[in-house]
Amino acid sequence: MVVMTAIDDYALLSDCRTAALVSRDGSIDWLCLPRYDSPSIFGALLGDEEHGSWQLRPVDEAALVSRRYDDGTFTLVTRWETADGVAEVEELLVMSPDGDPRRTDLVRRIRGVSGGVEFAQRLRMRFDYARAVPWVRQRRQTGAPELVAIAGPDAVVLRGAALEAADHLHSGTVAVREGELVDLSLTWFPSSDEAPAALDIDAAIGRTSEWWRGWSDRIDAPDVHRAQVRRSLLVLRALTHRDTGGIVAAATTSLPEEFGGSRNWDYRFVWLRDAALTLEAFIAHGFLGIAEHWRQWLLRAIAGDPAQMQIVYGIAGERDLWERELASLPGYEGAAPVRVGNAAAEQYQADVIGEVLVALDVARRAGLEESEFSWPLQRALLARVGDRIDEPDCGIWEIRGAPRMFTHSRAMIWAALDRGIRAVNEHGLDGPVEEWERLRERMRAEIDAQGVAPGGWFRQNYDDDEVDASLLMLPSVGYCPPDDPRMIATVERIEQTLMRDGLVHRYRTSSGVDGLPGDEHPFIACSFWLVEQYAATGRAGDAIALMDRACALANDLGLLSEEYDVTARRHAGNTPQALSHLALVRAADAVGGAETRRG
C-alpha cells in the first residue's frame, strides 16, 4: 500500500472560490478548479501522485521543514533548511483585483534566505478526477518557460521554470541563492479562451495579503484561545464562496471517517444547517455583512415552492447533487468508494428549518433589516414545518437507516416556531402567531413526554434510550436551561457512553441507528459542544480542560478535520471542517463568558 500523507499534515490555500491542500512535503495533492466542487486537477489526496500532484521541495532529501501562515492570511510560508542553504516557499491562491471568475491563479514563490538550495519540481496533471490526461504543449515563443495543458472545458498554463516531459510527468530543477526569487504560477482558464496574461507576482501577493488582513483585522476575538478563534474564523471565511455567498461544509470529498471503510462523503456543498451555524459565529464576531450575503443566497436557493426545499445545495444553489462513485480514484488509504455528489439532498431532516430561523433571528436582533422577500420566505418555511410536523426524519447526522422521531429534530421544530413567534411579538412582523404558539406548545408537550428516557436524560429518538451528542444543543436554542435536570442527566449519560479517551462521539454506531457498516472516531465538534455545556453549568475546570484537549487536536496551522482517531493520533474525515471550527469559536466564547462572569 502506498504510504499516504496524514490528513493533518495538509495546509489549506483559498481564494474563497476554491481550495488547495499542500502537504508538509511540498506537494499540492488536492485542487479542484475553478470551484470547491469542480473536478480535481490534482487528486493524489485520494490516491497517489499518478492521480495528479505538483511537488516542489529541495533535492536534498534530508532537508528540514517548518511552516506557518503569514499572519491573518492564507499565504503559506514553508521554510526549508538543507546542508547547503535555507530557502522559503510562499504559496497562495490569488485574490483577483476585478473578481474575474474566468481565471484562478496559484502562486509558488521560492525565496533564497542563505546559501544555495536546489528545488525539484514534479508535475502530474490529471483533469476530471484523474479521468483525463491533458494534452500538453510547450509555448516557446513567449520568451519564458510556459506550459499549457488542456482537457475538455478546462485549461491551465504553468509559468516560471522549464520542465521536461516523460511518461505524462513534467519535471525539472530550479536553484536559488540568498536574496534571489523564483516565481512559479499555475493559472486555470476555460479552454475556449486564450491563455490569460502572466501575473504581476509582486502585486498579486500584496493584493492577496491585503485582502485577507483587511478581513482578519476586523475579527473581534476573546482573549481566551484568541489565536485559535482567529484562525477558525479565517477558515470559515475561506469556505465561503465570495461570489455566491454559499458556505461549503469542507474543502474535500471522501476522506474517511473510518480508515479503510466506506463512510466517505462529499462535503463540498452548502448544508443549510452548517451554514446557518456558521452565520451565528460570524455575527457574534461582528460580520453582519456575511449574513446578508448568505441570506440572499438562501432566497435564491429556496426560491419557489418551500415544499421543494432541500437540506443541502450546490455552491450557487444548484439542486442536482447526484451522488455517484468514482472508479478513477482509489480513495485515501484505499477507503472506498470515492463519492462525488451527496444523496443527503434527498433526505428530510426536520431540524434544518429550525437552524435557519434561529440564525436569521440572531441576524435580525443584530440589526439586519428584513428585505422584501426575507420574511415571506421565513413564513413559508414555518408553513412547511406545520405541513410535515408529524413525519419522522433522518436527523442531524443524515442517517441512512429508517427515519425516526429524533429528539434533537423535534426540539429544532420547537425552535423554528419559537423564532417565528418572537419575530411577530418582538419585531412587529406579521404571521399566524396563535397557530405557531399552539404548535410550539404541542411540540414541548410531546418532547417532554416522549423525548426523555426513564433514566431522566433526553434520548436520541423516541424508539430507544440511546443518547446523542446533538442533544447538547438544546440549551443553546432555548429549549431548556443548561442546568435543567434532564440536561444534567444527558451530560452524565454522554460522559458514560459517548466519551472515549476524553473526546465525544456523535452516538453509538453499534446501536445500528445509522444503517451503515463500521464505526467512526470522536466527532470534533461534539467535544466543543460539551465545553459550552460545562461552561454554562459552572463546571469551569472541566470546560477549560476539555477546551484545551480539543484545541490541541488542530494541526500546526490551526486546522481541524471532522473527526479524530485517538488511537493513531491523527485527523479523520473531510478537512478543514466548518462545523469543527465554528464549534471551536462558540466554545471559546462560552469559556470566555464564564470567566468574565466569575471575574
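Every heavy atom of this structure was used, including side-chain atoms; hydrogens, water molecules and symmetry mates were not.
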*Determine, stepwise, if the pair Phe523 / Trp397 fulfils ring pair (Phe, Tyr, Trp, His ring centres under 6.0 Å).*
CA-CA 11 Å; Phe523 197 82; Trp397 306 127; 5.2 Å; yes
*Quick one: does NZ or CZ of Arg570 land under 6.0 Å from the six-membered ring centre of Phe259, within 45 degrees of the ring axis?*
yes
Any side-chain donor near an acceptor of the partner, [X] and [Y], under 3.5 Å:
X: Asp274; Y: Tyr267; result: no
X: Asn574; Y: Thr252; result: yes
X: Trp271; Y: Glu398; result: yes

State, yes or no, whether a side-chain contact exists between [X] and [Y] at a heavy-atom distance under 4.5 Å.
X: Leu298; Y: Leu360; value: yes
X: Leu233; Y: Trp215; value: yes
X: Pro517; Y: Ser262; value: yes
X: Pro337; Y: Asn264; value: yes
X: Phe269; Y: Ile315; value: no
X: Ile389; Y: Met443; value: yes
X: Arg364; Y: Trp375; value: yes
X: Ser527; Y: Leu503; value: yes

State whether the side chain of [X] and the backbone N or O of [Y] hold a donor-acceptor pair below 3.5 Å, judged by distance alone.
X: His241; Y: Val248; value: no
X: Arg131; Y: Ser328; value: no
X: Arg268; Y: Ser38; value: yes
X: Arg459; Y: Thr407; value: no
X: Ser232; Y: Gln228; value: yes
X: Arg384; Y: Asp387; value: no
X: Asp468; Y: Gln460; value: no
X: Ser191; Y: Gly152; value: yes
X: Ser580; Y: Ser561; value: yes
X: Ser409; Y: Met405; value: no

*Picking from Leu417, Val385, Leu382, what satisfies side-chain contact (heavy atoms from CB on, under 4.5 Å) with Leu439?*
Leu417
[atom2] on [Y] to [atom1] on [X], rounded to 0.5 Å:
X: Tyr479; Y: Arg410; atom1: OH; atom2: CZ; answer: 11.0 Å
X: Leu93; Y: Leu106; atom1: CG; atom2: CG; answer: 4.5 Å
X: Gln577; Y: Thr575; atom1: CD; atom2: OG1; answer: 8.0 Å
X: Ile41; Y: Asp128; atom1: CD1; atom2: CG; answer: 11.5 Å
X: Leu368; Y: Ile290; atom1: CG; atom2: CD1; answer: 12.5 Å
X: Trp265; Y: Glu257; atom1: CH2; atom2: CD; answer: 7.5 Å

Check this for me, if you would: do [X] and [Y] make a salt bridge, where the nitrogen-to-carboxylate-oxygen distance has to be below 4.0 angstrom?
X: Arg295; Y: Glu370; answer: yes
X: Arg586; Y: Asp589; answer: no
X: Glu562; Y: Arg263; answer: no
X: Asp266; Y: Arg339; answer: no

*CA sep, side-chain torsions, deciding dist, call: Leu186, Leu33, side-chain contact (heavy atoms from CB on, under 4.5 Å)*: CA-CA 11 Å; Leu186 181 147; Leu33 295 168; 4.2 Å; yes
*Can you check side-chain contact (heavy atoms from CB on, under 4.5 Å) on Val477 and Arg419, steps first, answer last?*
CA-CA 10 Å; Val477 299; Arg419 294 329 189 259; 4.3 Å; yes
*After noting the C-alpha distance and the side-chain angles of Arg237 and Arg242, does the key distance pass the side-chain contact (heavy atoms from CB on, under 4.5 Å) rule?*
CA-CA 9 Å; Arg237 185 65 187 92; Arg242 60 181 168 137; 4.0 Å; yes
Of the non-hydrogen atoms in [X] and [Y], which two are nearest, and what is the gap between them?
X: Arg231; Y: Leu557; result: CG-O, 3.6 Å
X: Ala572; Y: His521; result: CB-CD2, 3.8 Å
X: Glu355; Y: Met412; result: N-CE, 3.5 Å
X: Leu560; Y: Leu553; result: CD2-C, 3.8 Å
X: Ala20; Y: Ile28; result: CB-CG2, 4.2 Å
X: Ile150; Y: Val148; result: CG1-CG1, 4.2 Å

*Assign the ring pair Trp54 / Phe42 to parallel, tilted or perpendicular, where the plane angle (0 to 90°) is split at 30° and 60°.*
tilted
*May I ask you to check whether Phe282 and Trp294 place their ring centres under 6.0 Å from each other?*
no
*asked:* As a quick check of understanding, evaluate side-chain contact (heavy atoms from CB on, under 4.5 Å) for Leu13 and Leu92, giving each step before the final call.
replied: CA-CA 6 Å; Leu13 310 181; Leu92 63 149; 5.5 Å; no
